[in-house]
Amino acid sequence: MCFCALCLRRYGTSSTGLKQHTPHRTNCSVLFLYKKPFVESFEETPLLVAVLTYMGYGILTIFGYLRDFLRHWGIERCHVAREREEQKDFVPLYQDFENFYTRNLYMRIRDNWNRPICSVPGAKMDLVERVSHDYNWTFKHTGKVVKDVINMGSYNYLGFAENTGACADAAVEATHKYGVGVGSTRCEMGNLDIHEEMEQLVARFLGVESSMAFGMGFATNSMNIPALTGKGCLILSDELNHASLVLGARLSGSTIRVFKHNNMQSLEKLLRDAIVHGQPRTHRPWKKILIVVEGIYSMEGSIVRLPEIIALKKRYKAYLYLDEAHSIGALGPNGRGVVDYFGLDPKDVDIMMGTFTKSFGAAGGYIGGKKELIDYLRRHSHSALYATSMSSPVVQQIITSMRIIMGEDGTTLGADRLRQLSENTTYFRRKLHEMGFIIYGNDDSPVVPLMLYMPAKIGAFGREMLKRNIGTVVVGFPATPIIESRARFCVSAAHTREMLDTPAFVEHFEVPLFPSLEKPALAISQSMESEKRSGGR
């Protein structure tokens, strides 16, 4: 069967029509790798909205330069860090021009971020109320608490961020037995028996030979990629990869080439060129070629086209590094990530990376793969050799939550949460689509970006949502392309239908901020739309 955009529109989604269809082009045959329709929506920014967005940023920039002029002459008070007068002849410590965006644009909407939370960040949370009397340069707490804010921003996909239940009870018992701190690295005096128990459980959960855990998800990428590749190696990185992957690739000293987001034609071209031409100047073969991708892209809500990437990796004898930070626990019938979602063999992925900070309600990250790979990393990874061991209650939280997901606790709680997350994701995306909003990503992704576009709407949307007791994340440039500012919702299994249908929520969304000005938001194959989008981090 073929699930490309052209064939879906021409033959529909019925299995009979698709099975009888002969691939109309070479790339069409690749999509026979999929066992079900792979549908993602990326509607182009309407032209009028794009023009108004650029105008908005232009006006902000003009007023920013005007305010900088007033600050320079002492007419307006300057709150930014500046060189001391006695150090004026020194090489500047602060690059004043580079902070232009921060002091003139970000400060206007800074109140939407870093809000203090004073409860468990579960389906609902309590926020410390704060006010600013100097236009967001400083904040003061009022002493009041905003109660029962619906949490639509945390990565609490399976609802394990809680202070009651089996996970919390097990973490308390582990604290009584082992304490909180370890005070040493794993290779010295910090290797507890529950650390090894956790790594064995993770390997079994992923379906790989071995695994190892790290205390920080960001460092799992940034400190282990340099241990895997170096000079004379080539890293092919998706243009929307997370900052930890980008930093790890840069620290490795390898040559880095970027391919268009989820675009297999772009990736294959880079692979062909790498095989044909080899290294620059010498034209020697590359020592290694490593493809680096994510399972779910946290800003786009898109899912990696893993079947096609595995096919390309096998064809060109490359290695594959898969970051499942957002997909592990959130995708697949068994919650085992994007590999489980597509029904693929875990052995086809050379390095499986993920984090415990999202679906498991804990902290840290892991790498899974062949035993030889893990043994090598134990001896060469900076994160393994120099970082303090994971805290025992955190380890126990991971063990207990993972056993619940696997059904080894003797209940169906894990399966129920996986099913509830899938239902909530489908329902929430469908309701936003019916209301006329432009939303990005895959239909099965619990990360739901809702497009805002204009810079003024970034701050307004976040504030208005909080007034209605809904906490969400708003994102703008430079984390997104300048004309693609958005609000990012993260759906959780802990959300009830009443939370998603709360009257305040529905009242706020009665009138779309920006319905499509050109065409309805059609769910179309990302393979055709990705070439039209200009993205980057």
Side-chain angles (χ1 to χ4, degrees), residues 3 5 8-9 12-15 34-46 123 150-159 296-303 326-327 329-333 335 338 341 359 416-453 461 465 468 470-474 484 486-526 529:
F3 298 118
L8 284 172
R9 287 197 290 267
T13 57
S14 65
S15 58
Y34 295 90
K35 298 179 181 179
K36 60 179 181 179
F38 184 80
V39 183
E40 293 188 339
S41 175
F42 289 103
E43 184 171 340
E44 286 187 275
T45 303
I150 299 176
N151 184 1
M152 297 297 297
S154 295
Y155 307 129
N156 185 26
Y157 297 130
L158 294 181
I296 291 179
Y297 291 85
S298 59
M299 284 296 170
E300 306 297 311
S302 56
I303 298 176
H326 287 268
S327 55
L331 285 181
V338 69
Y341 175 78
S359 294
D416 293 341
R417 294 196 183 202
L418 291 169
R419 183 177 64 255
Q420 188 64 49
L421 175 62
S422 177
E423 292 176 359
N424 285 352
T425 298
T426 302
Y427 176 80
F428 189 70
R429 281 183 167 272
R430 185 180 74 248
K431 294 297 288 185
L432 290 181
H433 181 79
E434 290 174 354
M435 291 174 184
F437 289 101
I438 298 176
I439 57 175
Y440 275 5
N442 193 285
D443 289 349
D444 295 325
S445 170
V447 179
V448 187
L450 183 150
M451 305 310 294
L452 301 177
Y453 300 112
F461 187 90
M465 293 291 282
R468 291 156 174 79
I470 301 170
T472 187
V473 174
V474 288
E484 293 185 9
R486 65 198 67 179
R488 184 184 63 182
F489 297 100
C490 292
V491 182
S492 169
H495 289 139
T496 63
R497 191 57 58 89
E498 290 73 25
M499 292 179 187
L500 300 179
D501 275 341
T502 179
F505 192 78
V506 175
E507 177 187 354
H508 182 67
F509 284 99
E510 281 180 353
V511 180
L513 291 175
F514 269 112
S516 174
L517 300 181
E518 296 178 349
K519 57 182 179 181
L522 296 174
I524 57 178
S525 171
Q526 198 267 345
E529 278 298 295

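Predicted model only: the values in this text are computed from it and were never measured. Worth knowing before you read on, the calculation uses all heavy atoms, side chains too, and leaves out hydrogens, waters and symmetry mates.
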Q | Nearest atoms (heavy-atom pairs only) where Ser445 meets Ile296 | A | OG-CG2, 3.8 Å
Q: Please assess Tyr427 against Asp501 for the test side chain to side chain contact (heavy atoms under 4.5 Å, CB included), listing each intermediate value before the final yes or no.
A: CA-CA 10 Å; Tyr427 176 80; Asp501 275 341; 2.5 Å; yes
Q: List the steps, then state whether side chain to side chain contact (heavy atoms under 4.5 Å, CB included) holds for Met152 with Met465.
A: CA-CA 10 Å; Met152 297 297 297; Met465 293 291 282; 5.9 Å; no
Q: Would you check if Pro446 and Leu421 make a side-chain contact, meaning some heavy-atom pair closer than 4.5 Å?
A: yes
Q) Can you tell me how far CD of Glu43 sits from OH of Tyr440, rounded to the nearest 0.5 angstrom? A) 8.0 Å
**Q.** Flag for Asn424-Gln420: side-chain donor and acceptor within less than 3.5 Å
**A.** yes
Q) Which heavy atom in Val491 sits nearest to a heavy atom in Tyr157, and how many Å separate them? A) O-CD2, 3.5 Å
(Q) Once rounded to the nearest 0.5 Å, what's the spacing between atom CG of Asp444 and atom OG1 of Thr425? (A) 8.0 Å
(Q) For the backbone of Gly441 and the side chain of Tyr297, can you confirm whether one donor and one acceptor N or O come within less than 3.5 Å of each other? (A) no
Q: Kindly compute the distance separating CD1 (Ile470) from CG (Leu500), expressed to the nearest 0.5 Å.
A: 10.0 Å
Q | Shortest non-hydrogen contact from Ala330 toward Ser359 | A | N-OG, 3.6 Å
**Q.** Check against side chain to side chain contact (heavy atoms under 4.5 Å, CB included), Asn442 and Tyr341
**A.** CA-CA 12 Å; Asn442 193 285; Tyr341 175 78; 3.8 Å; yes
Q: Return the minimal non-hydrogen interatomic distance between Tyr155 and His326, and the atom names on each side.
A: CE2-CE1, 3.4 Å
Q: List for me each residue that meets salt bridge (Lys or Arg N to Asp or Glu O under 4.0 Å) alongside Arg429, sequence neighbours excluded, and say none if there are none.
A: none
Q | Short side-chain to backbone donor-acceptor contact, His495 and Gly159, under 3.5 Å | A | no
Q: Apply side chain to side chain contact (heavy atoms under 4.5 Å, CB included) to Asp443 and Thr426, showing your working.
A: CA-CA 7 Å; Asp443 289 349; Thr426 302; over 6 Å; no
Q) Roughly how far, to the nearest 0.5 Å, is the CG atom of Leu432 from the CZ atom of Phe437? A) 6.5 Å
Q. So, Arg488 side chain and Val447 main chain: donor-acceptor pair closer than 3.5 Å or not?
A. no
Q.
Donor-acceptor pair, distance only, cut-off 3.5 Å: does the side chain of Arg486 make one with the backbone of Leu450?
A. no
**Q.** Minimal non-hydrogen separation, Cys490 against Ser154, with atom names
**A.** CB-O, 3.2 Å
Q) Between Ser492 and Asn156, is there a donor-acceptor pair closer than 3.5 Å when you use the side chain of the first and the backbone of the second? A) yes
**Q.** Atom pair OH/CD1 of Tyr453 and Ile438 - distance to nearest 0.5 Å
**A.** 3.5 Å
Q: Could you pull out the closest heavy-atom pair between Thr45 and Glu484, with the gap in Å?
A: OG1-CG, 4.0 Å
